[in-house]
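Worksheet for the structure shown next.
Bear in mind the structure is a predicted one, so any value in this text is a computation, not a measurement. Both counts, for ligands and for their atoms, begin at 1 and track the order of listing.
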Amino acid sequence: MTLQNADRRLAARVQAVERSVIRVMYDMADAHDGDLARLEVGEPDFDTPEHVIEAAFEAVRSGETHYTPNAGIPELREAIADRYAGEGVSVDPTGEVGVTTGAMEALHLAMLTVVDSGTEVVIPTPGWPNHATQTRLAGGEPVEVPLSADEGFALDPEAVIEAIGEKTAAVVLTRPSNPTGRVFEVDAVGAVAAAAADHGAYVIADEVYRDLVYEGDGRSIAAVVDDPENVITVASCSKTYAMTGWRVGWLLAPAAVSERANAIHESTTACASSVGQHAALAALTGPEEPIHEMRAAFAERREYVTERIEALPGITAPTPEGAFYAFLDVRAFGEETLSIATTLLEEYGVVVAPGTGFGEVGEGHLRVSFAAGMDELERGFDGIEAFARAEGS
Ligand SMILES: Cc1ncc(COP(=O)(O)O)c(C=O)c1O
């Protein structure tokens, strides 16, 4: 088959999806023989808490192995709504919640529901690349708004508001941010949300890291804006409960959006895994200690990472306020980010995610994940420090 034929037989929407440099790093790391410190991975190194695993076994044994309602099992929807009620966000578990296959599917459904061809989705960057891809898959056009490295990638409401216009269907706000670890200021979020509402655009609040806030106001975006009816909230069990592989997330949205999202769910996965949903129910309603322990470990790693960064010659980073990422500014080395990341891997045994994987404005930056354990972090930072001392001028 010629390339031309191959192209003709692939939908334009998938041809437009670019290969991420983060994937390039994964592949290089996998092909590498040596013992590498893997700091590129955004997933907790902890195992899922035992009571959650038990609940899953129990669900299987008691026959919870069938399709569930598209919107998810009622008990889980209630548990999700209760969590938000705790911070003053009123969510109707029967009409405004949909349980999904991870936050990824929640985002996909949200985009398919509110983004039409010819519309735009405003995305502050650096940001998680899937938001732009999902926008394209829904037929929309991502409009990236670069935040300033010199301002530590704080949310710049004026720049974002300037990008909102007639065609805007939604604005994505990821709080805490992947990859910068920033927790956007409540005032800035409020200003952006108000401008979106004025233009009839939704805020899609990606809050998968919401339970990992070390500094700043950790409340949900829906809890801090004037018009929560304009906010579509996406979150999941993945990061909070070390449950990335269980694939359970949720979408909270005004009834009209939620009803349509749950309706099209029938054509994506119909429902999240029944066993996963029972596990998620145990996670949300069971003992909190394992979660506190994981959070405490992340907080400790964040202290460690912050100290190590301070000691790195020529490298700075905004202090991670949330999530488990530090976004290192390596512009002083005057080299392309991918080339620095490659040198780190090949010569110093450390794998990091090149900042350009999160938008062009990420050039000159490297994302380091402290979801990895302390030993790996120590080895990783030893490598980064050796690089900085050897390659710095
Ligand atoms: C910002 C952001 N949103 C969503 C997701 C997807 O989460 P889930 O595992 O629940 O699909 C991730 C995963 O890394 C993420 O970083």
Check: Between R247 and ligand 1, which part of the residue brings a heavy atom under 4.0 Å of the ligand: side chain, backbone, both or neither?
Finding: side chain

Next item on the list: Rounded to the nearest 0.5 Å, what's the gap from NE2 on H365 to OG1 on T337? Could you check?
Entry: 8.5 Å

Item checked: Option with minimal heavy-atom separation from atom 3 (N) of ligand 1, where the choices are N178, D206, T100 -> D206

Next item on the list: Using heavy-atom distances, let me know which of S236, A371, G249, S369 sits nearest atom 10 (O) of ligand 1.
Entry: S236

Item checked: Ligand-residue contact atoms, ligand 1 with G102, heavy atoms, under 4.0 Å -> 10 (O), 11 (O)

Next item on the list: Go through ligand 1 atom by atom and flag the ones less than 4.0 Å from a non-hydrogen atom of S238.
Entry: 8 (P), 9 (O), 10 (O)

Notebook entry, point to check: Between Y209 and ligand 1, does any nitrogen or oxygen pair lie at a separation below 3.5 Å?
Noted result: yes

Check: Does the T240 side chain pair with the main chain of C237, one donor and one acceptor, at a distance under 3.5 Å?
Finding: no

Check: Quick one: nearest non-hydrogen protein atom to atom 12 (C) of ligand 1, plus distance?
Finding: W128 CZ2, 3.4 Å

Check: Hey, do the aromatic rings of F298 and F46 have their centres closer than 6.0 Å?
Finding: yes

Margin query: Does atom CD (E162) have a neighbourhood of more than 12 heavy atoms from anything else shown, all under 6.0 Å?
Written below: no

Next item on the list: Please state whether T244 comes within less than 4.0 angstrom of ligand 1, counting heavy atoms only.
Entry: no

Next item on the list: Walk me through it: do F387 and F333 pass the test ring pair (Phe, Tyr, Trp, His ring centres under 6.0 Å)?
Entry: CA-CA 10 Å; F387 161 85; F333 296 85; 5.1 Å; yes

Note to self: So if I count the atoms of ligand 1 from 1 in the order they appear, which ones are less than 4.0 Å from some heavy atom of T174?
What the structure shows: 1 (C)

Margin query: Does the structure place the NZ or CZ of R210 under 6.0 Å from the centre of the six-membered ring of Y84, at an angle of no more than 45° from the ring's axis?
Written below: yes

Margin query: With a sphere of 6.0 Å drawn around CD of E215, does it hold more than 12 non-hydrogen atoms of other residues, nucleotides or ligands?
Written below: yes

Check: Which atoms of ligand 1 are found less than 4.0 Å from any heavy atom of M104?
Finding: 6 (C), 11 (O)

Margin query: I'd like to check whether G42 has a polar contact with ligand 1, where a contact means an N/O of the residue lying under 3.5 Å from an N/O of the ligand.
Written below: no

Next item on the list: Taking the six-membered ring for Trp and the single ring otherwise, decide whether the centroids of Y209 and Y325 are under 6.0 Å apart.
Entry: yes

Item checked: Proximity to ligand 1 by part of K239, non-hydrogen separation under 4.0 Å -> side chain

Item checked: D45 and R38 ion-paired at < 4.0 Å -> no

Next item on the list: Examine the proximity of ligand 1 to A103 and report which part, side chain or backbone, both or neither, has a heavy atom under 4.0 Å away.
Entry: both

